[in-house]
Engineer: 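Got a structure for you, written out below as structure tokens; questions coming shortly.
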Amino acid sequence: MENPATEIVNVTTLVTAAINPEIQKAAVLKYYAPDASFRHPLCAVPSGPNSRASILSILRWYRIMSPVLSVRATSVTYDEAKHEVFLDVTQTFHIRWSPLKPAPARLLVHLTLRPEPSPTDPSKTVYVIAAHEDFYHPDDLAALIVPPIIPLVRGVLQAATLACRVHAKVFGALGYWSVRDGEGGKGVDLQPEGEPLPPITENEGIELTERPKGDKKQD
């Protein structure tokens, strides 16, 4: 890729939802580094000699399992300074021969790029994918595998939230992580509405001034 910000959506489509295996293989060989790594909730490929071959096998099996696959990137964020790309992707994955109706699943794709001299023109720089990570919420992962259990997964998440609220209240009453009088008997007066933010400490100020300003976002 010469311009990741504009090319990455097409690259993502080619490696995951290509119309034939030849195009998919050519795209993986072109856009992934030979020692690229891959992380997914259900599988992983560590970086190593020709680890790209394992990534290609995973993507091929992914395509075999779902002959009808829809992939759409709703937003792209490219951090030029760190050579990182974040894609907000919605995909519809239908397992072959499954009688279950497919459901859209949302995931965040994090790609780490590596600049290299162009193989056709060494004076130019191209970017290849050195690391690929896919992140799913639990209910989106359920949508990918067994869509009918999505309500059950969401119910479990809501139950976990309720448990957090109950435990926070109970353990706060027992003295765990509760607001107390400060040193010298000075209490803390909480006024959430209109309460000014605490002053920035010296270290936080340094971190803010040194933060890279090369972030670009393309919708």
Side-chain angles (χ1 to χ4, degrees), residues 1-33 36-45 52 54-80 82-114 126-154 157 214-219:
M1 291 175 284
E2 293 185 3
N3 188 345
T6 59
E7 297 179 47
I8 195 61
V9 172
N10 185 53
V11 171
T12 302
T13 302
L14 288 175
V15 300
T16 58
I19 60 175
N20 62 56
E22 290 79 11
I23 292 177
Q24 183 186 52
K25 181 177 181 180
V28 172
L29 295 179
K30 179 178 181 179
Y31 296 114
Y32 281 77
S37 63
F38 180 80
R39 288 296 304 272
H40 185 276
L42 303 178
C43 58
V45 178
R52 178 175 59 189
S54 296
I55 297 175
L56 176 58
S57 296
I58 292 172
L59 294 173
R60 289 180 63 189
W61 177 237
Y62 195 76
R63 199 70 178 87
I64 291 170
M65 284 195 299
S66 181
V68 179
L69 178 63
S70 171
V71 178
R72 181 172 62 93
T74 57
S75 68
V76 178
T77 302
Y78 175 41
D79 189 331
E80 187 174 4
K82 295 183 178 179
H83 306 309
E84 292 182 317
V85 181
F86 296 86
L87 300 98
D88 193 333
V89 176
T90 299
Q91 67 174 346
T92 302
F93 180 86
H94 189 201
I95 297 178
R96 187 186 297 268
W97 301 305
S98 173
L100 303 176
K101 184 179 179 180
R106 179 172 172 262
L107 69 148
L108 178 67
V109 179
H110 175 217
L111 302 175
T112 302
L113 307 180
R114 179 189 302 162
V126 296
Y127 297 85
V128 296
I129 299 172
H132 178 166
E133 298 175 278
D134 289 343
F135 299 93
Y136 290 82
H137 287 299
D139 50 339
D140 288 309
L141 188 59
L144 189 70
I145 305 172
V146 189
I149 70 171
I150 294 175
L152 175 61
V153 175
R154 290 176 177 169
L157 294 174
D215 292 359
K216 296 181 180 179
K217 185 171 182 179
Q218 176 182 342
D219 293 329

Engineer: Going from OG on S37 to CD on E133, what distance comes out if it is rounded to the nearest 0.5 angstrom?
Structural biologist: 7.0 Å
Engineer: Specify the closest pair of heavy atoms between F93 and P102, including all atoms of both residues, with the distance to one decimal.
Structural biologist: O-CB, 3.9 Å
Engineer: Determine whether more than 12 heavy atoms belonging to other residues, nucleotides or ligands lie under 6.0 Å from atom CZ of R63.
Structural biologist: yes
Engineer: So, R106 side chain and D140 main chain: donor-acceptor pair closer than 3.5 Å or not?
Structural biologist: no
Engineer: Ignoring hydrogens and angles, tell me if any N or O in the side chain of R52 forms a donor-acceptor pair with the backbone of L29 under 3.5 Å.
Structural biologist: yes
Engineer: What are the two closest heavy atoms between D139 and I150, and how far apart are they?
Structural biologist: O-CG1, 3.9 Å
Engineer: I need the L152 CG to I149 CD1 distance, nearest 0.5 Å.
Structural biologist: 6.5 Å
Engineer: Report the C-alpha separation of M1 and I129 in whole Å, then their side-chain angles, then the decisive distance to 0.1 Å, and conclude whether the side-chain contact (heavy atoms from CB on, under 4.5 Å) test is met.
Structural biologist: CA-CA 9 Å; M1 291 175 284; I129 299 172; 4.2 Å; yes
Engineer: Locate the shortest heavy-atom distance separating Q91 from L144; write the atom from each residue and the value.
Structural biologist: NE2-CD1, 3.4 Å
Engineer: Is there side-chain contact between R60 and V28, with at least one heavy-atom pair below 4.5 Å?
Structural biologist: no
Engineer: Would you say H40 has more than 12 foreign heavy atoms packed within less than 6.0 Å of its NE2?
Structural biologist: yes
Engineer: Return the minimal non-hydrogen interatomic distance between A105 and A143, and the atom names on each side.
Structural biologist: CB-CB, 4.0 Å
Engineer: With a 4.5 Å cut-off on side-chain heavy atoms, are R72 and T74 touching?
Structural biologist: yes
Engineer: Would you call L87 and I8 a side-chain contact if the rule is heavy atoms closer than 4.5 Å?
Structural biologist: yes
Engineer: Applying side-chain contact (heavy atoms from CB on, under 4.5 Å), run through F135 and R39 and close with a yes or a no.
Structural biologist: CA-CA 9 Å; F135 299 93; R39 288 296 304 272; over 6 Å; no
Engineer: Please determine whether side-chain contact (heavy atoms from CB on, under 4.5 Å) holds for the pair L113 and Y78, giving the CA-CA distance in whole Å, both sets of side-chain angles, and the decisive distance to 0.1 Å.
Structural biologist: CA-CA 10 Å; L113 307 180; Y78 175 41; 4.1 Å; yes
Engineer: First locate atom CG of L59, then atom CD1 of I64, and finally report the distance between them rounded to the nearest 0.5 Å.
Structural biologist: 11.0 Å
Engineer: Any side-chain heavy-atom pair from T77 and E84 closer than 4.5 angstrom?
Structural biologist: no
Engineer: Do you know which two heavy atoms are closest between A130 and A33, and how far apart they sit?
Structural biologist: CA-CB, 4.4 Å
Engineer: Quick one: OH on Y127 to CD on E7, what's the gap to the nearest 0.5 Å?
Structural biologist: 11.0 Å
Engineer: Please report the interatomic distance OG1(T16) to CD(Q24), rounded to the nearest 0.5 Å.
Structural biologist: 8.0 Å
Engineer: Which distance, rounded to the nearest 0.5 Å, do you find between the OG1 of T112 and the NZ of K82?
Structural biologist: 10.5 Å
Engineer: Can you check whether I145 reaches L42 side chain to side chain, under 4.5 Å on heavy atoms?
Structural biologist: yes
Engineer: Is there a donor-acceptor contact under 3.5 Å from the side chain of S66 to the main chain of Y62?
Structural biologist: no
Engineer: Within a strict 4.5 Å, meaning less than it, do heavy atoms of the H83 and R114 side chains meet?
Structural biologist: no
Engineer: Would you name the heavy atoms of A36 and V45 that are closest together and state the gap between them?
Structural biologist: O-CG1, 4.5 Å
Engineer: What's the verdict on side-chain contact (heavy atoms from CB on, under 4.5 Å) for T92 and L69, showing C-alpha distance, side-chain angles and the deciding distance?
Structural biologist: CA-CA 6 Å; T92 302; L69 178 63; over 6 Å; no
Engineer: Specify whether H132 and F38 have parallel, tilted or perpendicular ring planes, treating 30° as the upper limit for parallel and 60° as the lower limit for perpendicular.
Structural biologist: perpendicular
